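Below is one structure, written out as structure tokens; comments come after it.
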Amino acid sequence: MKRFYSFLFVFVMIPMFALGQSTTGKVYVGYAKYDDQIWEYDGIYLDHTATVGCAVLLTKDMLAPYIGGTITGMRVGWGTSERTGAYQGFVRRTFNGEDLTTGKAAVSYSYSSSTPGWNNMTLTKYEIPEDVDQLVVGFTTKINKNEYAIPTLYPHGTANSCWLWVEGDVDAEGNARWVDMRELGILPIQLVIQDTKGTFNFLPVITLLTDNGIYETGKAGDILLRVKNNGSQAIKNIELTSKQGEQTWSKTITANIASGKTSSSFLAPLYTFQSGDVELSITKVNGTELATPITRTVKDIISVPSDVASQYKRLPLVEYFVSENNYMSPRYYDDYVEPGMARLTSKMNFVCQHMDDQFMTGDDDATILALQLCDNDSSQVSIPAMTIDRAMETFNILYQMNSAWNPMFPVFTMESYYTQTLNDAIKQPTFVSINANGELKEDGETLEINVGGTVASGVMPEGEKPRLTVYLMEKYVDSDSQLFWTEKEKEETMGHYTHANIIREILSDSEGDIINSEGDINASYTTAIAPEWKKEDLYIVAFVHRDSKKGGMRMNVFNSCKGSISDATGIYEINEDVRNKNDIYDLSGRRVTKPTKGIYIVNGKKVIK
């Protein structure tokens with residue numbers, strides 16, 4: 001077959017999968033979103049001039065809600081302003097079958113349009129029959145050599161979203177040979193269906209549902225919901241129902257999914273009765289009860305009872321992903337991250353995760369972690385980036401910027417975004433206390449670390465155990481190998497740079513040591529201090545979290561602490577730890593349940609019993 005080429009614009013928002021879009025009395029059905037951005041000179045081109053066919057295959061499931069509706073037109077994309085294209089549109093049952101309806105139109109890339117590159121084509125009317133199992137919706141047009149006239153959209157790889165044929169490419173029987181080219185992206189083709197019988201007024205679909213994973217029992221917490229209106233009428237409000245077992249809780253909220261929009265995103269309430277899965281359903285639209293509720297399962301929720309949460313305080317864990325091989329890392333740290341974090345230093349623990357440079361640990365543990373947070377989608381891993389508690393969803397960023405759903409977010413977002421998220425993380429309930437301390441032995445090289453704390457009973461989901469990760473940190477480390485962007489418009493080292501909050505060693509397993517799901521935390525580690533480490537700048541960061549096997553949005557950090565290191569002749573005092581307000585510790589930082597006579601630490605103060 002003839003070769004297709006694709007040029008893809010680098011910095012674009014990734015759209016969500018789209019089945020339909022509502023305006024008054026009509027819907028738009030396809031794989032593209034109604035308001036997807038079409039970038040000029042971005043998409044498919046040929047190395048020769050030829051007529052091409054472009055089509056999407058709409059499946060039975062996509063068409064089922066609209067049986068009895070009338071096909072009246074098509075929305076199509078055009079990718080160049082250099083000339084106008086002539087499109088011949090068609091709808092068929094199969095790729096080489098008879099035309100059920102046709103139309104033609106001149107299409108262009110118009111900068112004055114609110115949706116540049118999108119064009120409307122009128123088709124002869126055709127009522128969708130009950131026996132429909134699929135429809136091929138597409139067009140033919142002429143593409144000039146090396147001309148980006150047919151745009152493609154993200155994401156790549158969506159089944160049935162991009163079928164192509166090029167003039168002269170036929171099979172042995174002389175039929176056009178259509179080829180599945182989904183890897184090039186989604187074709188901007190939407191079928192326009194009129195609701196002539198009023199049979200699909202309200203068809204809400206939940207296209208995005210993200211949460212923070214930890215909620216307080218018996219209280220409604222925020223969840224980010226994106227609802228698409230696949231029906232023909234505007235949605236003004238919806239009733240949401242949370243259900244666990246036989247227990248339910250409902251609330252009606254404003255949705256305002258106006259005509260002409262693909263979907264609407266908003267913060268919605270999620271109510272929990274216990275840890276585990278929660279069924280969240282749209283049960284009413286505009287006050288009308290749905291015959292079949294639209295239900296999504298929110299999996300693996302941690303629900304913390306109020307009486308448990310009141311006994312604990314917490315410090316969120318902020319991780320900044322950087323590399324000496326990336327010139328933006330120091331710039332954004334110095335200009336954006338450090339000023340904001342400095343004002344919040346007493347409210348969180350801060351760790352720099354170095355990727356692919358001299359400060360990385362293990363076999364590039366930070367890169368492995370970043371991939372886990374992004375569910376192994378490397379396209380979502382960026383440097384520099386930040387995560388808060390490895391699962392704290394940045395609702396404000398998602399809501400305002402339509403960014404991808406994962407707990408990593410770019411550092412070049414506004415400081416107010418991540419500081420607000422940090423403040424939200426501080427308020428999040430916890431059921432774990434943790435403290436750590438270290439002692440440098442008389443040989444000046446051997447370091448012993450003790451980690452203590454508690455995990456409240458009855459909170460972790462049945463069968464799940466948390467993990468404990470312990471970092472040996474160095475506060476400041478000098479380097480002469482950091483890359484910077486120079487006036488010569490290239491990346492090169494420019495002398496001295498001081499890195500902050502370096503992980504010198506992961507004392508636990510890199511993915512954390514498994515601990516009990518309830519009861520005391522008692523862990524000890526021994527390591528040797530390297531000669532180049534500054535002993536006076538060493539400290540410990542320890543935290544309890546979920547298993548990475550739960551996936552990117554379920555790697556929650558429950559609590560973290562910072563611990564000091566003393567030498568063999570000094571007395572260790574717990575420093576900036578996070579523990580149960582009533583816990584008692586000995587001078588080595590170990591939790592004591594039945595203290596005898598002696599000196600103990602309670603709420604950070606030495607007490608004589």
Side-chain angles (χ1 to χ4, degrees), residues 206 208-226 238-253 265-283 295-317 348 387-399 405-407 420-433 455-466 517-518 543-547 550-560 578:
I206 299 174
L208 176 68
L209 189 153
T210 60
D211 60 272
N212 285 328
I214 302 178
Y215 292 84
E216 190 167 342
T217 306
K219 292 184 178 181
D222 285 337
I223 189 167
L224 181 66
L225 203 63
R226 183 176 296 142
I238 58 175
E239 180 188 74
L240 286 171
T241 298
S242 298
K243 181 179 180 181
Q244 285 185 295
E246 298 301 317
Q247 296 177 294
T248 62
W249 180 90
S250 299
K251 185 175 183 179
T252 298
I253 62 172
S265 299
F266 42 85
L267 292 180
L270 181 73
Y271 194 93
T272 62
F273 299 93
Q274 61 191 28
S275 294
D277 297 349
V278 182
E279 288 186 4
L280 184 68
S281 302
I282 299 176
T283 45
T295 301
R296 291 280 293 271
T297 300
V298 188
K299 299 186 72 64
D300 299 320
I301 288 294
I302 297 287
S303 184
V304 184
S306 299
D307 60 337
V308 173
S310 65
Q311 299 179 45
Y312 296 86
K313 65 176 183 177
R314 71 187 305 273
L315 288 182
L317 178 72
M348 53 86 187
T387 183
I388 297 175
D389 282 338
R390 295 189 177 178
M392 193 68 192
E393 190 54 82
T394 50
F395 285 149
N396 39 18
I397 297 175
L398 275 163
Y399 186 59
W405 64 278
N406 64 62
Q420 178 59 51
T421 302
L422 181 60
N423 286 325
D424 291 342
I426 293 169
K427 299 174 185 175
Q428 195 173 65
T430 190
F431 58 101
V432 173
S433 68
V455 180
S457 62
V459 178
M460 287 296 295
E462 186 177 353
E464 181 181 346
K465 290 187 176 182
S517 57
E518 58 182 53
F543 53 98
V544 177
H545 56 97
R546 299 188 87 168
D547 196 318
K550 287 289 181 181
M553 292 304 298
R554 286 294 181 268
M555 293 170 62
N556 306 73
V557 172
F558 299 133
N559 215 341
S560 71
V578 182

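As the structure is a computational prediction, the values presented were derived from the model and not from experiment.
Taking the salt bridge (Lys or Arg N to Asp or Glu O under 4.0 Å) definition, one finds that K299 meets it with D277, sequence neighbours left out. Shown here are the ring-ring contact (aromatic ring centres under 6.0 Å, His included) partners of F431, two or more places apart in sequence or in another chain: F558. For K251, there are no salt bridge (Lys or Arg N to Asp or Glu O under 4.0 Å) partners two or more places apart in sequence or in a different chain. In this view, E464 and R546, K550 satisfy the salt bridge (Lys or Arg N to Asp or Glu O under 4.0 Å) rule, not counting sequence neighbours. Here S250 pairs with T241 under the side-chain hydrogen bond (donor to acceptor under 3.5 Å, both in side chains) rule; sequence neighbours left out. Residues satisfying the side-chain contact (heavy atoms from CB on, under 4.5 Å) test with S281, not counting sequence neighbours, are T283, P293, T295. Applying the side-chain contact (heavy atoms from CB on, under 4.5 Å) rule to S303 yields the partners T217, T272, S275; only residues at least two apart in sequence or on another chain are considered. Annotation: side-chain contact (heavy atoms from CB on, under 4.5 Å) contacts of S457 (sequence neighbours excluded): E518. The side-chain hydrogen bond (donor to acceptor under 3.5 Å, both in side chains) test applied to T297 returns no partner, not counting sequence neighbours.
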V298 vs Y215, test: side-chain contact (heavy atoms from CB on, under 4.5 Å). Steps then yes/no. CA-CA 12 Å; V298 188; Y215 292 84; over 6 Å; no
side-chain contact (heavy atoms from CB on, under 4.5 Å) for N556 and I302? Distances and angles first, verdict last. CA-CA 10 Å; N556 306 73; I302 297 287; 5.8 Å; no
The test is side-chain contact (heavy atoms from CB on, under 4.5 Å); show your working for I214 and D389 and say whether it passes. CA-CA 11 Å; I214 302 178; D389 282 338; over 6 Å; no
Taking it one step at a time, do L280 and I206 satisfy side-chain contact (heavy atoms from CB on, under 4.5 Å)? CA-CA 10 Å; L280 184 68; I206 299 174; 5.5 Å; no
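Using a 4.5 Å heavy-atom threshold, the side chains of I301 and R554 count as touching. Counting only heavy atoms from C-beta outward, the side chains of L224 and L267 approach each other to under 4.5 Å. Put simply, the side chain of V459 reaches to within 4.5 Å of the side chain of P305, judged on heavy atoms. Using a 4.5 Å cut-off on side-chain heavy atoms (C-beta onward), P269 and I253 make contact. Looking only at side-chain heavy atoms (C-beta outward), D424 and N212 stay at 4.5 Å or farther from each other.
Across all their heavy atoms, I388 and P316 have their closest contact at CG2-CB, 4.4 Å. Annotation for R226 and S265: closest pair NE-OG, 2.8 Å, computed over non-hydrogen atoms. Taking both residues in full, the closest heavy atoms of R390 and M555 are given as CB-O, 3.3 Å, listed atom of the first, atom of the second, then distance.
Side-chain atoms of Q311 come within 3.5 Å of backbone atoms of D307 as a donor-acceptor pair (strictly under, hydrogens ignored). Judged purely by atom type and a 3.5 angstrom limit, Y271 uses its side chain to pair as donor or acceptor with the backbone of G218. Here the side chain of N559 pairs a donor or acceptor atom with the backbone of V432 at under 3.5 angstrom.
A distance of 12.5 Å separates CZ in R296 from CD in E279, rounded to the nearest 0.5 Å. Atoms NE2 and OG, on H545 and S560 in that order, are 11.0 Å from each other to the nearest 0.5 Å. Distance check: L225 CG to I223 CD1 gives 7.0 Å after rounding to the nearest 0.5 Å. For the atom pair CD (E462) and CD (Q274), the distance works out to 10.5 Å, reported to the nearest 0.5 Å. Between F273 atom CZ and Q244 atom CD the span is 7.0 Å, to the nearest 0.5 Å.
The stretch residues 240-249 participates, sequence neighbours left out, in no salt bridge (Lys or Arg N to Asp or Glu O under 4.0 Å) pair at all.
Of the candidates L317, T430, L315, L317 is the only one forming a side-chain contact (heavy atoms from CB on, under 4.5 Å) with V557.
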